[in-house]
Amino acid sequence: MNHPAQSPLGKASAYADQYDPALLFPIARAPKRAEIGITGTQPFFGADLWTAFELSWLNARGKPQVALAHVTVPCETPNIIESKSFKLYLNSFNGTRFDSSEAVRERLRADLSEAAWRGAASPGTVGVRLVAPEQFDQEPVHELSGLDLDRLDVECTHYQPEPALLTAAFDEAPVTETLTSRLLKSNCLVTGQPDWGSVQISYSGPQIDQAGLLQYIVSFRNHNEFHEQCVERIFMDITARCRPLKLTVYARYTRRGGLDINPLRTSHPQQLPRNVRTARQ
């Protein structure tokens with residue numbers, strides 16, 4: 001089983017420009033899930049929505065081509081794909097000839113599926129959609145919708161995750177609401193470099209204390225964990241402390257190395273949101 005410390009993160013790397021799927025470095029989800037009490041069937045649905053902004057290859061005549069790639073990795077996959085290895089893998093397309101953009105898409109889909117589902121008893125696939133340059137103007141920028149928690153003037157003293165900050169009104173009528181914050185920050189599990197994000201929390205159930213929820217989000221500020229793991233921790237902490245009837249946690253992180261990662265975890269099956277970046281991404 002691959003360990004994060006064995007990944008390319010924090011190490012000098014040669015940038016291959018010839019196609020090499022061996023550059024992809026999958027990391028098992030199970031160990032970090034066990035830390036937050038997930039050892040059997042996962043208690044959520046969802047996916048990790050990636051955007052690759054730096055995708056290029058050569059056509060059959062050697063002329064460079066560019067595109068954006070939207071990649072959907074189901075949260076049921078046994079592995080995440082370490083992001084620097086993903087970048088190195090994408091760079092390996094730079095000097096490689098492909099007959100068509102569809103050939104590029106199929107190669108991405110096959111390689112990313114193999115890495116994400118490696119070790120699964122019944123492997124599945126990841127979704128890959130390419131956006132051609134003539135479609136770039138149709139790529140919107142939009143902030144997460146919901147009531148902005150950042151309007152609250154709260155005192156923040158915790159900078160490691162503190163679930164005790166989460167409380168809910170169990171003796172009052174349940175509510176349905178969507179709350180957002182741009183103050184999510186965590187750090188890379190391996191390098192400690194900052195990861196900046198926005199988070200949207202939609203739920204039905206006992207009303208969550210908004211000030212405490214904002215303080216809880218801020219408490220991730222010095223926490224070292226990958227994006228996917230932070231969102232699952234938030235989901236599990238809110239579930240345990242606030243006992244919502246329904247819950248969805250969706251975070252959009254600022255891109256690094258030409259990639260953004262946007263995990264969504266939800267208590268109930270639902271259509272995934274369109275992969276629309278925020279202004280900071």
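Atom set for the values below is all heavy atoms of this structure, side chains included, hydrogens, waters and symmetry mates excluded. Nothing here was measured: the structure is a model prediction, and the numbers come from that model.
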Side chains of Val71 and Ile81 in contact at under 4.5 Å (non-hydrogen atoms): no
Contact between Phe53 and Leu68 at the side-chain level, heavy atoms closer than 4.5 Å - yes or no? yes
Partners passing salt bridge (charged side-chain N to carboxylate O under 4.0 Å, His left out) against Arg255 (at least two apart in sequence or in another chain): none
For Gln135, does its backbone N or O pair with a side-chain atom of Gln138 as donor and acceptor, under 3.5 Å? no
State whether Phe44 and Arg265 meet the cation-pi test: NZ (Lys) or CZ (Arg) under 6.0 Å from the six-membered ring centroid, and within 45° of the perpendicular axis. yes
List the atom of Trp117, the atom of Asn79, and the distance in Å for their closest heavy-atom pair. C-ND2, 4.2 Å
Taking only residues at least two apart or on different chains, which pairs with a member in residues 124-141 satisfy salt bridge (charged side-chain N to carboxylate O under 4.0 Å, His left out)? none
Are the side chain of Glu143 and the backbone N or O of Ala279 linked by a donor-acceptor pair below 3.5 Å? yes
Using 30° and 60° as the class boundaries, would you call the ring planes of Phe86 and Tyr89 parallel, tilted or perpendicular? tilted
If we count only N and O atoms by modelled type, under 3.5 Å, do the side chains of Ser113 and Thr125 hold a donor and an acceptor together? no
Would you find a donor on one side and an acceptor on the other, under 3.5 Å apart, between the side chain of Asn262 and the backbone of Leu49? yes
Is a side-chain donor or acceptor of Gln215 paired with a backbone partner of Glu155 at a separation under 3.5 angstrom? yes
Donor-acceptor pair, side chain of Thr191 and main chain of Cys188, under 3.5 angstrom: no
Can you tell me if Asn275 uses its side chain to pair, donor with acceptor, with the backbone of Trp50 under 3.5 Å? yes
Side-chain donor-acceptor contacts of residues 55-63 below 3.5 Å, not counting sequence neighbours, with atom names and distances?
unit_1: Ser56; atom_1: OG; unit_2: Gln65; atom_2: O; d: 2.7
unit_1: Asn59; atom_1: OD1; unit_2: Arg61; atom_2: N; d: 2.9
unit_1: Asn59; atom_1: OD1; unit_2: Gly62; atom_2: N; d: 3.1
unit_1: Asn59; atom_1: OD1; unit_2: Lys63; atom_2: N; d: 2.9

Please check: side-chain N/O of Arg105 versus main-chain N/O of Ser100, any donor-acceptor pairing under 3.5 Å? no
Tell me whether Arg233 contacts the main-chain N or O of Glu225 through its side chain, where contact means a donor paired with an acceptor under 3.5 Å. no
